[in-house]
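The figures here come from the full heavy-atom set of this structure, side chains too, leaving out hydrogens, waters and symmetry mates.
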Amino acid sequence: ILMNEDFKTPPGHVNFLAKRLFGAGGTIVDGAVAYLAPGGGGPVEMHTHATDHLFIVVSGEARVLLGDGEVIVRANESFLVKGNVPHSVWNNTDGETVMIGITVAG
């Protein structure tokens, strides 16, 4: 397991490490787990929509394309994509990337 200084043992816990990935913000609409094979991702054409996406990478590494830029999200990290920004998400490794996507309404 990849650990860093962001992982802490909560009070009253033993042999337990946790890292906060996100705080309060909006209403959760739905969530999904995704398995991205090497070269996998999408959509092929970047898109926009009314809701935001909170991407949480469980393993591997994701590359989130945003308009004319990109953000790399590594294992045990999260990134909130505003729905009104053109975007798509891609596996950024030679192996499988596992991520959770949570749709959030403002």
**Prompt:** Could you go step by step and tell me if L54 and S78 meet the side-chain contact (heavy atoms from CB on, under 4.5 Å) rule?
**Reply:** CA-CA 7 Å; L54 177 63; S78 66; 4.1 Å; yes
**Request:** Grab the two heavy atoms, one from S59 and one from A75, that are nearest each other, plus how far apart they are.
**Result:** CA-CB, 4.0 Å
**Prompt:** Can you tell me how far the OG1 atom of T97 sits from the CG atom of N91, to the nearest 0.5 Å?
**Reply:** 3.5 Å
**Prompt:** Taking C-beta and beyond as the side chain, do E61 and I72 meet within less than 4.5 Å on heavy atoms?
**Reply:** yes
**Message:** According to a hydrophobic-cluster definition based on side-chain heavy atoms being under 4.5 Å apart (Ile, Leu, Val, Met, Phe, Trp, Tyr only), do V98 and V73 belong together?
**Reply:** no
**Message:** Exactly one of I102, T103, D52 should register a side chain to side chain contact (heavy atoms under 4.5 Å, CB included) with V29. Which one does?
**Reply:** T103
**Request:** Give a yes or no answer on whether the side chain of H49 reaches the backbone of T51 with a donor-acceptor pair at less than 3.5 Å.
**Result:** yes
**Item:** NZ on K19 to NZ on K8, rounded to 0.5 Å
**Value:** 10.5 Å
**Message:** Please determine whether residues V81 and W90 belong to a single hydrophobic cluster, defined as Ile, Leu, Val, Met, Phe, Trp and Tyr linked transitively by side-chain heavy-atom distances below 4.5 Å.
**Reply:** no
**H87 (side chain) donor-acceptor with H47 (main chain) under 3.5 angstrom** = yes
**Request:** Check whether any side-chain heavy atom of R74 sits under 4.5 Å from a side-chain heavy atom of N76, and report yes or no.
**Result:** no
**Student check: side-chain heavy atoms of V104 and H53 closer than 4.5 Å** = no
**Request:** With the side chain counted from C-beta on, respond yes when L65 and V89 share a heavy-atom pair under 4.5 Å apart, and no when they do not.
**Result:** no
**Prompt:** In terms of heavy-atom contacts, does CG of D94 have more than 12 from other residues, nucleotides or ligands at under 6.0 Å?
**Reply:** no
**Asked** Out of curiosity, does F16 fall in the hydrophobic cluster containing F7 (side-chain heavy atoms, cut-off under 4.5 Å, transitive links)?
**Response** no
**Request:** List the atom of P43, the atom of S88, and the distance in Å for their closest heavy-atom pair.
**Result:** O-CB, 3.2 Å
**Item:** Co-membership, hydrophobic cluster, residues V64 and L80, 4.5 Å side-chain
**Value:** no
**Prompt:** Are F55 and V57 connected in a single hydrophobic cluster, I mean Ile/Leu/Val/Met/Phe/Trp/Tyr linked by side-chain heavy atoms less than 4.5 Å apart?
**Reply:** yes
**Message:** If I take atom CG from residue D6 and atom CG from residue L17, how far apart are they, to the nearest 0.5 angstrom?
**Reply:** 11.5 Å
**Message:** With a 4.5 Å cut-off on side-chain heavy atoms, are N84 and T48 touching?
**Reply:** no
**Request:** Write down the atom of M46, the atom of P86, and the distance for their closest heavy-atom approach.
**Result:** SD-O, 3.7 Å
